Participant: 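If you scroll down you'll find the structure; I have some questions about it.
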Amino acid sequence: MTDSMMTVPEDNRAMVSNHLFDSNSFDAHERVISVFDEKSGLKAIIALHSTRLGPAAGGTRMYPYATAEDAFRDVLRLSRGMSYKNAMAGLPLGGGKAVIIGDPKTDKSEAALRAFGRAVNELAGRYYTAEDMNISVHDIETIAQETAYVAGRENSPAPSGDPSPVTARGIYLGIKTCLQQKFGSDDLAGRKIAVLGIGKVGGALARHLAAEGAELIIADTNLDVLAQMKHETGARVSTIGGIFDEECDVFSPNAVGGILDDMTVERIKAPIIAGGANNQLSVTAIGQRIHDRGILYAPDYVINGGGIINVYAEIRVLQGKAESYDKDWVEKKLQKMNANLAHVLARAEDEGRPTHDVADEEARAIIAGTSALVV
């Protein structure tokens, strides 16, 4: 394995190092580590953005990035988002993230996952990982054969299991908070909600919304999942491209990041954007455009922190801070996270500022220890 900025020939490392610090996605990250295991073919990057509040924590995703540069940019942005997410969720955790470069259908193997687990273990507790895109509970159990610094497990002293249902519940609460802020009522009955991405999080969210009478419009690349959700909830199926043009009350992105860009934001016909995808803004300036259009945007890392709350309920047992996984503790943290979202939305309205700008300011203040927000 290597421990360099990225896996590159020795004579190119100075160039890569310079690129790291010049990257628009670099935000004073404490450490960025490449991992290459020749035997298993593992190629991964682990980024620790901040450990000021505690050990860095954030999931591992596997994705067939077109280039190493794409993976590099993604892990930098995701790890920064985790610092802010953990801060706004009131957790004593810093921000970290890992990406494994490869097609999960063809490149994932036990050997590669275990090699990745050894890389996490070498950080000796500075980084805890868990599930993320294309990494399952089963995969996490495989990684756990090589390291104790992993959560979201089913077989541990305090198993918290798949965190996606808790993520979905937090987003559901957040959508209701957005409705209250925008319309003066959080009633979901009859509200039209467009849900892009019906995976573990988006699917669980859709069920929450449908249970309270919301009219769903759904889109996903998985046709079988769409058919099942239509059967369960009566949702109307749209297309990945067409869902941006749907007339609705809430547009909820729950798939890949960067979905909100110059083109899609102009097409969205919803007064609210609130969903679980990480890094929804393709660039920060898009947040200003959303604000200028009068759309209420729930900053992604404020609304989608339920999963890491659930993961920390397991980590705190591993750290000796609790005796067992506590479901009631998780629910109280979800409610507090949602109260913090309400605070961000209200402050943004009072000050006439974009919600993402206010959220970033609040998160940075929490990390710096200067926030008046009780977390």
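Just so we're clear, the structure is a prediction, and the values are computed from it rather than from any experiment.
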Participant: Which residue, Asp357, Thr355, Val358, forms the side-chain contact (heavy atoms from CB on, under 4.5 Å) with Pro299?
Facilitator: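 Only one of Asp357, Thr355, Val358 forms a side-chain contact (heavy atoms from CB on, under 4.5 Å) with Pro299, namely Thr355.
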Participant: Assess the side chains of Thr177 and Asn338: does a donor N or O sit below 3.5 Å from an acceptor N or O?
Facilitator: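 Yes, because at least one side-chain N or O of Thr177 sits under 3.5 Å from a partner of the opposite role on Asn338.
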Participant: Parallel, tilted or perpendicular: which fits the ring planes of His208 and Tyr172, with parallel below 30° and perpendicular above 60°?
Facilitator: parallel
Participant: Charged N to carboxylate O below 4.0 Å: is that the case for Asp245 and Arg267?
Facilitator: yes
Participant: Could you verify whether a donor N or O on one side chain and an acceptor N or O on the other, from Gln145 and Glu141, lie under 3.5 Å apart?
Facilitator: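 No, Glu141 and Gln145 have no side-chain donor paired with an acceptor closer than 3.5 Å.
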Participant: Indicate yes or no: does Arg236 engage Glu246 in a salt bridge with an N to O separation below 4.0 Å.
Facilitator: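 A salt bridge links Arg236 with Glu246.
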Participant: List the steps, then state whether side-chain contact (heavy atoms from CB on, under 4.5 Å) holds for Lys97 with Arg80.
Facilitator: CA-CA 8 Å; Lys97 204 77 174 183; Arg80 173 185 176 274; over 6 Å; no
Participant: Find the distance between CG (Leu173) and SG (Cys178) and round it off to the nearest 0.5 Å.
Facilitator: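 Going from the CG atom of Leu173 to the SG atom of Cys178 covers 11.0 Å.
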Participant: How many angstroms lie between atom CG of Asp326 and atom OG of Ser160, to the nearest 0.5 angstrom?
Facilitator: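 Reported value, rounded in 0.5 Å steps: 12.5 Å.
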Participant: Which residue, Leu113, Val99, Asp107, forms the side-chain contact (heavy atoms from CB on, under 4.5 Å) with Met62?
Facilitator: Asp107
Participant: Using 4.0 Å as the upper bound for N to carboxylate O, is an ion pair formed by Glu362 and Arg347?
Facilitator: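 Yes, charged N to carboxylate O under 4.0 Å.
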Participant: Establish, from distance only, whether the side-chain atoms of Asn121 and Thr147 form a donor-acceptor pair under 3.5 Å.
Facilitator: yes
Participant: For the residue pair Tyr301 / Asp360, report whether a side-chain donor-acceptor contact shorter than 3.5 Å exists.
Facilitator: yes
Participant: Begin from the C-alpha positions of Thr233 and Lys230 and carry the test side-chain contact (heavy atoms from CB on, under 4.5 Å) through to its verdict.
Facilitator: CA-CA 5 Å; Thr233 66; Lys230 179 180 179 180; 5.9 Å; no
Participant: Under 4.0 Å between a side-chain nitrogen and a carboxylate oxygen: does that hold for Asp74 and Arg61?
Facilitator: yes
Participant: Decide if atom NZ of Lys182 counts as having more than 12 heavy atoms of other residues, nucleotides or ligands within a radius under 6.0 Å.
Facilitator: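 Yes.
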Participant: Between Glu146 and Arg114, is there a side-chain N and carboxylate O pair less than 4.0 Å apart?
Facilitator: yes
Participant: Working to the nearest 0.5 angstrom, can you tell me the gap between Leu78 CG and Ser83 OG?
Facilitator: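 The CG atom of Leu78 sits 11.5 Å away from the OG atom of Ser83.
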Participant: Under the criterion side-chain contact (heavy atoms from CB on, under 4.5 Å), I'd like the reasoning laid out for Leu53 against Leu93: C-alpha separation, chi angles, the key distance, then a yes or no.
Facilitator: CA-CA 5 Å; Leu53 295 180; Leu93 294 172; over 6 Å; no
Participant: Count the heavy atoms belonging to other residues, nucleotides or ligands that lie under 6.0 Å from OH of Tyr65, then report whether that count exceeds 12.
Facilitator: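 Correct, the count exceeds 12.
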Participant: With rounding to the nearest 0.5 Å, note down the distance linking OH in Tyr297 to CD1 in Ile286.
Facilitator: 11.0 Å
Participant: Would you kindly check if the NZ (Lys) or CZ (Arg) of Arg191 is within the cone defined by 45 degrees around the ring axis of Phe183 and under 6.0 Å from the six-membered ring centre?
Facilitator: yes
Participant: Between Asp187 and Lys176, is there a side-chain N and carboxylate O pair less than 4.0 Å apart?
Facilitator: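 No, Asp187 and Lys176 are not salt-bridged.
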Participant: Between Asp262 and Arg289, does any NZ, NE, NH1 or NH2 come within less than 4.0 Å of an OD or OE carboxylate oxygen?
Facilitator: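 Looking at Arg289 and Asp262, the cut-off is not met.
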Participant: Check this for me: Glu38, atom CD, are more than 12 non-hydrogen atoms of other residues, nucleotides or ligands nearer than 6.0 Å?
Facilitator: no
Participant: Does a side chain donor of either Tyr325 or Asn310 reach within less than 3.5 Å of an acceptor in the other side chain?
Facilitator: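 On atom types as modelled, these side chains qualify, holding a pair under 3.5 Å.
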Participant: If I take atom CD1 from residue Ile295 and atom NE2 from residue His291, how far apart are they, to the nearest 0.5 angstrom?
Facilitator: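 Result: 11.5 Å between the selected atoms.
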Participant: Testing the 3.5 Å rule here: is there a donor-acceptor pair between the side chains of Asp224 and Gln228?
Facilitator: no
Participant: Mark yes when over 12 heavy atoms from residues, nucleotides or ligands other than Lys327 sit less than 6.0 Å from its NZ; otherwise mark no.
Facilitator: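 No, not enclosed.
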Participant: Could you verify whether a donor N or O on one side chain and an acceptor N or O on the other, from Asn279 and Asp300, lie under 3.5 Å apart?
Facilitator: no
Participant: Counting only heavy atoms not in Glu351, do more than 12 sit closer than 6.0 Å to its CD atom?
Facilitator: yes
Participant: Tell me which one of Val195, Ile193, Ile273 satisfies side-chain contact (heavy atoms from CB on, under 4.5 Å) with Val250.
Facilitator: Ile193
Participant: Is it the case that Thr51 and Glu30 place a side-chain donor and acceptor less than 3.5 Å from each other?
Facilitator: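 Short answer, yes.
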Participant: So that I know where these two stand, are Tyr128 and Tyr312 an aromatic pair - ring centroids less than 6.0 Å apart?
Facilitator: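 Tyr128 vs Tyr312: aromatic centres not under 6.0 Å.
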Participant: Begin with the C-alpha distance, continue with both residues' side-chain angles, and end with the deciding distance and a verdict on side-chain contact (heavy atoms from CB on, under 4.5 Å) for His356 and Leu281.
Facilitator: CA-CA 9 Å; His356 79 285; Leu281 306 181; 4.1 Å; yes
Participant: Between Asp37 and Ser40, do the side chains contain a donor N or O and an acceptor N or O under 3.5 Å apart?
Facilitator: yes
Participant: Could you walk me through whether Glu232 and Arg207 satisfy the salt bridge (charged side-chain N to carboxylate O under 4.0 Å, His left out) test, starting with their C-alpha distance in whole Å, then the side-chain angles of each, then the deciding distance to 0.1 Å, before giving a yes or no?
Facilitator: CA-CA 8 Å; Glu232 286 185 41; Arg207 294 182 184 95; 2.7 Å; yes
Participant: Check this for me: Lys192, atom NZ, are more than 12 non-hydrogen atoms of other residues, nucleotides or ligands nearer than 6.0 Å?
Facilitator: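 No, because the 6.0 Å sphere around NZ of Lys192 holds 12 heavy atoms or fewer from other groups.
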